[in-house]
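See below for the structure under consideration.
FYI, side chains are in, hydrogens and waters are out, and symmetry mates aren't considered; it's all heavy atoms of this structure. Convention: sequence-line order gives letters A, B, ...; per-chain numbering from 1.
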Amino acid sequence: MRVTRRYRFAASHRLHSAAFSEDENRDLYGKCSNPYGHGHDYVLDVTAEGPVDTSSGQVVHVPTLDRLVSEQVLTDFDHRYFNADLAEFKTLVPTSENIIRVIENRLNARWSDAFPGEWPRLEGIRLRETKRNVFELKS
Amino acid sequence: MLITRRAEFSASHVCAQPTLSTERNREIYGAAANPNGHGHNYVLEVTLEGEPDPITGMVFDLKKLKELIQQTVLDPMDHRFLNYEVPPFDKIVPTTENVAAEIWRRLEPHFEGGRARLNNVRLYETEDLYVDYGGESR
């Protein structure tokens, strides 16, 4: 069974790659490469998977998941500028594809501390940049 | 092809395991263990899987699915206190996980041998928390 918990954070980013010229960046990323960046209200869905524990009736202890996501993701990401404030994006372009991969790495880094048993496992992550742009990663 | 029908019901519950102490229940379930219960507006999404019938163009008659959800889920659960009024939650904790699995068990027999198969039950307890259940094997 899968349990999905939704979180929100507001952050800004600029899509601009040092590998390309200004014109190439403009062609590739359009207004997303405007020099001072822009922001989104991101919606992050984290899905945990596992059997229902017969004693608690739960797949995942939600407050523990909340703490993990808060410590590993929200505290660093919320009300920040990805390009300037986060080490991972000093060289990596903060597209939602790259952001979701970084979120997966950050959750995996502490997942087994939060959930020491075989279950629950991280099943997947969904990141909504805008209502029309949604990115999904299956672990 | 997948088709999904959405339904809503409001119900109250207490999440506490009678075999555990009050303190332990509070650790596991937090405010959800408060003894007199609390309520949610549950949102249920029932997904069926199948190929459209060549004559009707439908995987399953959505009106029939609506009636089926009404009879098997909404009539017994809507505006009820799950622990007291909806078995098996007199014996098992009505967490979202257990409620989703119970809804699956109630719906699944109605699709045996038919064109459409029950693919998934998604149950939102709040906008920010939902469970997906696709049967024993998933």
Side-chain angles (χ1 to χ4, degrees), chain A residues 1-10 41-70 72-74 77-78 103 107 114-131 134 136-139, chain B residues 13-21 23-33 40 42-45 47 82-83 86-105 108 118-138:
Chain A
M1 192 180 285
R2 285 160 285 150
V3 174
T4 301
R5 181 85 162 143
R6 176 162 290 179
Y7 305 92
R8 295 175 175 84
F9 62 89
D41 284 307
Y42 291 90
V43 177
L44 170 66
D45 290 344
V46 177
T47 300
E49 179 181 41
V52 181
D53 182 272
T54 46
S55 170
S56 71
Q58 295 176 319
V59 168
V60 58
H61 187 241
V62 171
T64 303
L65 183 64
D66 287 352
R67 203 174 316 122
L68 177 72
V69 175
S70 179
Q72 290 299 101
V73 182
L74 305 181
F77 284 24
D78 190 32
I103 292 172
L107 292 179
F115 303 106
E118 187 189 354
W119 302 102
R121 293 178 188 161
L122 179 61
E123 193 267 346
I125 300 167
R126 198 165 159 271
L127 185 66
R128 198 185 86 172
E129 182 186 78
T130 68
K131 278 183 186 164
V134 181
E136 224 172 321
L137 183 67
K138 295 287 175 198
S139 290
Chain B
H13 70 163
V14 176
C15 289
Q17 182 60 253
T19 55
L20 300 174
S21 69
E23 293 72 25
R24 188 72 189 110
N25 274 312
R26 175 149 296 276
E27 278 169 32
I28 297 173
Y29 302 108
H40 296 288
Y42 290 93
V43 177
L44 169 67
E45 291 176 356
T47 301
L82 297 177
N83 305 62
V86 185
F89 303 115
D90 51 340
K91 296 192 175 66
I92 65 168
V93 190
T95 55
T96 316
E97 291 92 326
N98 282 339
V99 177
E102 174 60 19
I103 290 171
W104 173 280
R105 278 191 289 273
E108 212 273 331
L118 185 58
N119 169 274
N120 194 58
V121 165
R122 174 174 288 188
L123 184 64
Y124 288 83
E125 185 182 84
T126 69
E127 200 182 316
D128 293 347
L129 183 65
Y130 63 85
V131 163
D132 284 307
Y133 185 60
E136 293 288 345
S137 58
R138 296 170 57 216

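Between the B/Tyr29 side chain and the A/Ser56 main chain, a donor and an acceptor come within less than 3.5 Å of each other. B/Asp132 places no side-chain N or O within donor-acceptor distance of the main-chain N or O of A/Arg2, the cut-off being under 3.5 Å.
For NZ of A/Lys131, the number of neighbouring non-hydrogen atoms (other residues, nucleotides, ligands) closer than 6.0 Å is 12 at most.
We find the CD-OG1 distance between A/Glu49 and A/Thr4 to be 10.0 Å, quoted to the nearest 0.5 Å.
When A/Arg6, A/Arg5, A/Arg8 are each tested for a side chain to side chain donor-acceptor pair (under 3.5 Å) with B/Asp128, only one passes: A/Arg8. Here the options are B/Val131, B/Val43, B/Leu129, B/Thr96, the test is side-chain contact (heavy atoms from CB on, under 4.5 Å), and the partner is B/Tyr124; only B/Val43 passes.
Remark: B/His40 pairs with B/His13, B/His38, B/Tyr42 by the ring-ring contact (aromatic ring centres under 6.0 Å, His included) rule, at least two apart or across chains.
Contact tally against chain A (heavy-atom pairs below 4.5 Å) for B/Thr19, B/Thr95, B/Leu20: the top residue is B/Thr95.
For a residue to count as touching a neighbouring chain, one of its non-hydrogen atoms must lie under 4.5 Å from one of that chain's; by this rule B/Glu127 touches chain A with backbone and side chain alike. At a 4.5 Å heavy-atom cutoff, B/Ile92 makes no contact with chain A through either its backbone or its side chain.
Contact annotation for residues 57-68 of chain A against chain B (heavy-atom separation below 4.5 Å, listed by residue number): A/Gly57, A/Gln58, A/Val59, A/Val60, A/His61, A/Val62.
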